[in-house]
Chemist: 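Have a look at this one before I ask anything.
Note that these values count all heavy atoms, side chains included, but never hydrogens, waters or copies made by symmetry. Just so you know, these numbers come straight off a predicted model, no measurement behind them.
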Amino acid sequence: MFRLNDAVDINNARTTFKHSFDMQKKKVLICGGTGCVAGGSLRIYAEIIRLLEEAGVEVAVELKAETEHNDIDNIIGVKKSGCHGFCEMGPLVRIEPKGWLYTKVKFEDCAEIVEKSLIGEEFIERLAYKSNGVTFAKQEDIPFYAKQTRLVLEHCGHIDATSIKEYLAIGGYKAFQKALFEMSPEDVVNTITDSNLRGRGGGGFPAGRKWSQVAKQPEPIKYIVCNGDEGDPGAFMDRSIMEGDPHRMLEGMMIAGYATGAKEGYIYVRAEYPLAVERLKMAIAQAEECGLLGDNILGTEFSFKLHINRGAGAFVCGEGSALTASIEGKRGMPRVKPPRTVEHGLFEKPTVLNNVETFANVPLIVNNGSDWYKSIGPENSPGTKAFALTGKINNTGLIEIPMGKTLKEVIYDIGGGIRDGKEFKAVQIGGPSGGCLITKDLNLPLDFDSLKKVGAMIGSGGLVVMDEDTCMVEIARFFMNFTQNESCGKCVPCREGTKRMLEILERIVAGNGQDGDIDLLLELADTISSTALCGLGKTAPSPVVSTIKSFRDEYEAHVHDKRCPAGNCKKLVRYEIQADICKGCSACSRKCPVGAISGVIKSPFTIDTTKCIKCGACIQTCKFGAIKEV
């Protein structure tokens, strides 16, 4: 590994690696994100290398000097990239310089890709993304990508996620170098403050204000902590950054260390992210080996070291004081505030605590300036935001859009609309701490302030889309079950209150709802929100409150009519034989395991709903479609 001793060294290294990077005229980038790895992308990566070498082609899996290659004009770079984002279509393979994107690639496709697209220059149409009869060859032309603005995610899918050389080649650590040699710590803090960068972990607290408060503390020992404990169901934005562009996040933390006077940083990442942990360990080791982490970095007086702590997956450890307690080896439980983390954080020292995406924005701001950053999105919520788009939508995956884009643009332009032509019903935003948005909110701008006005929040960035067949009472029960299981139990309102709310919701979906249950849920929600110890407890009732607000009629149907309008709550579903369709063949009666169906041959049969266990065997057996769920 090379060693960088000063600014001249890093400039020379960046020039050398950029030349080597550009020298690879042809490149194939195989997605190495968790989703595509699960689909077999690492086998595809290894097989493409094997087939190219077997064909006598020089393969470059890492950047080398020009003199190390046998045939400079015929080098093909093979990269294990980070997440491309279009997870619905994985495994994904991108061919450069054409910009072709192949979707749902199988191991059996490798030989054709090598022969036609890498050795030759032939486009394989059958592997391309198709929509409404249109074939899209280039990745950037696909509507899913064309409507995005990828800044934080710009390198994910375009460089080798495991190579510091490639990160330097595309301008990596230039912002850190600029801060170190051209700016004072105060200049850096002022730049972040002026940019109005707001924390991407959910609360939207101004990052510059947090940095400024830590920088002003007289205590000589300070810490930088990165929250990578992404616990919201369906969210994977931070994971993809850690896997696909780890050096970008490290660079942001290093700049924060320089700006605030901290000499150590901790990355708290959940153990369920093994690939992210592996990539982070590799990135830190590379940075240490080349002199970008450690003592007297680049010949200056600034020293900075990074550590990784793996969490056990407790959702509450996404809260600042619980997270720092966990790093210290204590049970992850929040504490009463004040004092705040900026005053008494990790090891009782002043601490800057931001999440992965927030730190990944920092190099962009330092390089391009605060005015550039503020030109993107609305004034009070500038920049872009990454979202994990999941649920009943055609195009699921990782997206990045300017703050202020509407929900309609995300769901229909990027997400391709609702699956199977169904009607949009709602979207849960902000995970268990957020709320649901409905049809009237489709033109709502997605930014911190606009969402707060309607009782929702961006959260870490999960967007779970629901269609007309979704039961909103069950959705509320699901999130309350999650929150109740994840409650640390320290304070009574959260520990007992969420349990009581869950019991009521479970009773309602089981068909045992009682008069007054809906109002009791709202009363409990108000009490918990007002008295819980931490932010997670205070927002725990949000999914229940927002679904009652928008879909109270569904709750009332469950409670009063003992009916689930969406047909999802099985204990509220009734099976009924349509007399005008039934042929009286008795097939359903003979198939029923509990003898709930009776009748006379050649006359309509009937179902005894008190015996029916709703197994569905009768529906599957009836050849005439006479049995319906009502």
Chemist: I'd like to know if the side chain of Asn394 reaches the main chain of Gly417, judged simply by a donor and an acceptor atom lying under 3.5 Å from each other, with no hydrogens or angles considered.
Modeler: yes
Chemist: For Asp526, is there an ion pair with Lys538 - N to carboxylate O distance below 4.0 angstrom?
Modeler: no
Chemist: Looking at side-chain heavy atoms only, is the closest gap between Ile577 and Pro604 below 4.5 Å?
Modeler: no
Chemist: At what distance, to the nearest 0.5 angstrom, does OG1 of Thr103 lie from CE of Met89?
Modeler: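 Between atom OG1 of Thr103 and atom CE of Met89 there are 6.0 Å.
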Chemist: In plain terms, say whether Arg126 and Glu112 are close enough for a salt bridge, that is, a side-chain N and a carboxylate O under 4.0 Å apart.
Modeler: yes
Chemist: Show, in sequence, the C-alpha distance, side-chain angles and deciding distance for Arg419 and Glu88, and conclude whether the salt bridge (charged side-chain N to carboxylate O under 4.0 Å, His left out) test is met.
Modeler: CA-CA 12 Å; Arg419 284 181 185 168; Glu88 180 82 5; 3.6 Å; yes
Chemist: What orientation do Phe315 and Phe482 show, parallel under 30°, tilted 30 to 60°, or perpendicular over 60°?
Modeler: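 Perpendicular: the ring planes of Phe315 and Phe482 meet at over 60°.
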Chemist: Treating Ser326 as the side-chain partner and Leu323 as the backbone partner, does any N or O pair qualify as donor plus acceptor under 3.5 Å?
Modeler: no
Chemist: Should the pair Lys138-Glu140 be classified as a salt bridge under the 4.0 Å nitrogen-to-oxygen rule?
Modeler: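 Here Lys138 does not pair with Glu140 in a salt bridge, since their nearest N and O are not under 4.0 Å apart.
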Chemist: Minimum heavy-atom separation for Phe605 to Cys582, with atom names?
Modeler: N-SG, 3.5 Å
Chemist: Main chain of Gly599, side chain of Ser603: is a donor-acceptor contact present, judged purely on distance under 3.5 Å?
Modeler: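 Pair absent, no side-chain N/O of Ser603 close to backbone of Gly599.
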Chemist: Does any part of the side chain of Cys585, heavy atoms only, come nearer than 4.5 Å to the side chain of Phe624, both counted from C-beta?
Modeler: yes
Chemist: What verdict does the side chain to side chain contact (heavy atoms under 4.5 Å, CB included) test give for Phe136 and Trp100, after you've listed the backbone C-alpha separation in whole Å, the side-chain angles of each residue and the deciding distance to 0.1 Å?
Modeler: CA-CA 9 Å; Phe136 295 90; Trp100 296 335; over 6 Å; no
Chemist: Should Asn485 and Asn481 count as side-chain neighbours, where that means a heavy-atom distance under 4.5 Å?
Modeler: yes
Chemist: Counting heavy atoms not belonging to Asp580, are there more than 12 under 6.0 Å from its CG?
Modeler: yes
Chemist: Using modelled atom types only, decide if a donor and an acceptor are shared between the side chain of Asp420 and the backbone of Lys422 within a distance under 3.5 Å.
Modeler: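 No; zero donor-acceptor contacts below 3.5 Å.
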Chemist: Among Lys614, Arg574, Lys570, find the residue that satisfies the salt bridge (charged side-chain N to carboxylate O under 4.0 Å, His left out) test when tested with Glu629.
Modeler: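 Filter result, single survivor: Lys570.
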Chemist: Might you point out which heavy atoms bring Val545 and Ala525 nearest each other, and give the distance in Å?
Modeler: CG2-CB, 3.5 Å
Chemist: Checking side chain to side chain contact (heavy atoms under 4.5 Å, CB included) for the pair Gln578/Lys628: CA distance, chi angles, key distance, verdict?
Modeler: CA-CA 7 Å; Gln578 310 295 308; Lys628 306 290 183 184; 3.6 Å; yes
Chemist: Over all heavy atoms of both residues, which pair between Ile30 and Ser41 is shortest? Give the atoms and the distance, please.
Modeler: CG2-O, 3.5 Å
Chemist: Give the C-alpha distance, both sets of side-chain angles, the deciding distance and a yes or no for salt bridge (charged side-chain N to carboxylate O under 4.0 Å, His left out) between Arg270 and Glu272.
Modeler: CA-CA 5 Å; Arg270 54 183 39 230; Glu272 294 96 327; 3.7 Å; yes
Chemist: Evaluate whether atom CZ of Arg500 has more than 12 neighbouring non-hydrogen atoms of other residues, nucleotides or ligands under 6.0 angstrom away.
Modeler: yes
Chemist: Got a second to check how far Ser117's OG is from Ile48's CD1, nearest 0.5 Å?
Modeler: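 Going from OG on Ser117 over to CD1 on Ile48, the span is 9.5 Å.
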Chemist: Charged N to carboxylate O under 4.0 angstrom, Lys392 versus Asp469?
Modeler: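 No, Lys392 and Asp469 are not salt-bridged.
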Chemist: Quick one: does Ser546's side chain get under 4.5 Å of Cys436's, heavy atoms only?
Modeler: yes
Chemist: Say whether, by atom type as modelled, one donor and one acceptor occur between the side chain of Lys562 and the main chain of Gly513 under 3.5 angstrom.
Modeler: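 Side chain of Lys562 to backbone of Gly513: a pair is present.
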Chemist: With rounding to the nearest 0.5 Å, note down the distance linking CG in Leu127 to CG in Leu92.
Modeler: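 If we round to the nearest 0.5 Å, Leu127:CG and Leu92:CG are 11.0 Å apart.
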Chemist: Any chance the side chains of Tyr555 and Thr547 put a donor and an acceptor closer than 3.5 Å?
Modeler: yes
Chemist: List the steps and the verdict of side chain to side chain contact (heavy atoms under 4.5 Å, CB included) for Leu101 and Tyr145.
Modeler: CA-CA 11 Å; Leu101 185 71; Tyr145 290 103; 3.9 Å; yes
Chemist: Quick one: are Phe424 and Tyr412 in side-chain contact, heavy atoms under 4.5 Å?
Modeler: yes
Chemist: Could you verify whether a donor N or O on one side chain and an acceptor N or O on the other, from Ser240 and Glu243, lie under 3.5 Å apart?
Modeler: no
Chemist: Within a radius of less than 6.0 Å around NZ of Lys104, do more than 12 heavy atoms belonging to other residues, nucleotides or ligands occur?
Modeler: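 No.
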Chemist: For the residue pair Ile241 and Val152, what are the closest heavy atoms and their distance?
Modeler: CD1-CG1, 3.5 Å
Chemist: Would you say the side chain of Ile411 lies within less than 4.5 Å of the side chain of Ile393, judging by non-hydrogen atoms?
Modeler: yes
Chemist: Roughly how far, to the nearest 0.5 Å, is NZ of Lys571 from CG of Asn512?
Modeler: 7.5 Å
Chemist: Counting distance only, does the side-chain N/O of Thr396 pair as donor-acceptor with the main-chain N or O of Thr390 below 3.5 Å?
Modeler: no
Chemist: Any carboxylate oxygen within less than 4.0 angstrom of a Lys/Arg side-chain nitrogen, looking at Glu503 and Lys499?
Modeler: no
Chemist: Are Asp467 and Lys425 close enough for a salt bridge, meaning some N to O gap below 4.0 Å?
Modeler: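 No, this pair does not count.
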Chemist: Give a yes or no on whether Arg331 atom CZ has more than 12 heavy-atom contacts from other residues, nucleotides or ligands under 6.0 Å away.
Modeler: no
Chemist: Give, for atom OG of Ser450 and atom CD1 of Ile458, the distance between the pair rounded to the nearest 0.5 Å.
Modeler: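 Result: 9.0 Å between the selected atoms.
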Chemist: To the nearest 0.5 angstrom, please state how far the SG atom of Cys488 sits from the CG atom of Leu536.
Modeler: 9.0 Å
Chemist: So, does Arg279 use its side chain to make a donor-acceptor pair with the main chain of Gly82 at under 3.5 Å?
Modeler: no
Chemist: Does Lys385 pair with Glu357 as a salt bridge, N-O distance under 4.0 Å?
Modeler: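 Yes, this pair counts.
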Chemist: List the steps and the verdict of ring-ring contact (aromatic ring centres under 6.0 Å, His included) for Tyr129 and Phe144.
Modeler: CA-CA 10 Å; Tyr129 174 73; Phe144 177 82; 8.5 Å; no
Chemist: Which heavy atom of Ser81 sits nearest a heavy atom of His158, and at what distance?
Modeler: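 Minimum heavy-atom contact is CB-N, 4.4 Å.
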Chemist: Is there a donor-acceptor pair under 3.5 Å between the side chain of Gln514 and the backbone N or O of Asp517?
Modeler: no
Chemist: Using side-chain heavy atoms (C-beta onward) and a distance below 4.5 Å, is Met333 in contact with Val316?
Modeler: no
Chemist: Strictly distance-based, threshold 3.5 Å: is any side-chain N or O of Glu474 a donor or acceptor partner for the main-chain N or O of Thr470?
Modeler: no
Chemist: Set out, in order, the CA-CA distance, both residues' side-chain angles and the distance that settles salt bridge (charged side-chain N to carboxylate O under 4.0 Å, His left out) for Lys549 and Asp441, then state yes or no.
Modeler: CA-CA 13 Å; Lys549 177 183 175 183; Asp441 301 315; over 6 Å; no
Chemist: If we ignore hydrogens and angles and just use 3.5 Å, is the side chain of Arg94 paired with the main-chain N or O of Gly157 as donor and acceptor?
Modeler: no
Chemist: Which heavy atom of Ile438 sits nearest to which heavy atom of Ala426, and what is that distance?
Modeler: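 Result for this residue pair: CG2-CB, 4.2 Å.
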Chemist: State whether the number of non-hydrogen atoms from other residues, nucleotides or ligands found under 6.0 Å of Arg43 atom CZ is greater than 12.
Modeler: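 No, because the 6.0 Å sphere around CZ of Arg43 holds 12 heavy atoms or fewer from other groups.
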Chemist: Report yes if the side chains of Phe236 and Thr34 come closer than 4.5 Å at any heavy-atom pair, otherwise no.
Modeler: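 No - every pair of side-chain heavy atoms lies 4.5 Å or more apart.
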Chemist: Any ion pair linking Glu400 and Lys147 (charged N to carboxylate O, less than 4.0 Å)?
Modeler: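 Salt bridge absent between Lys147 and Glu400.
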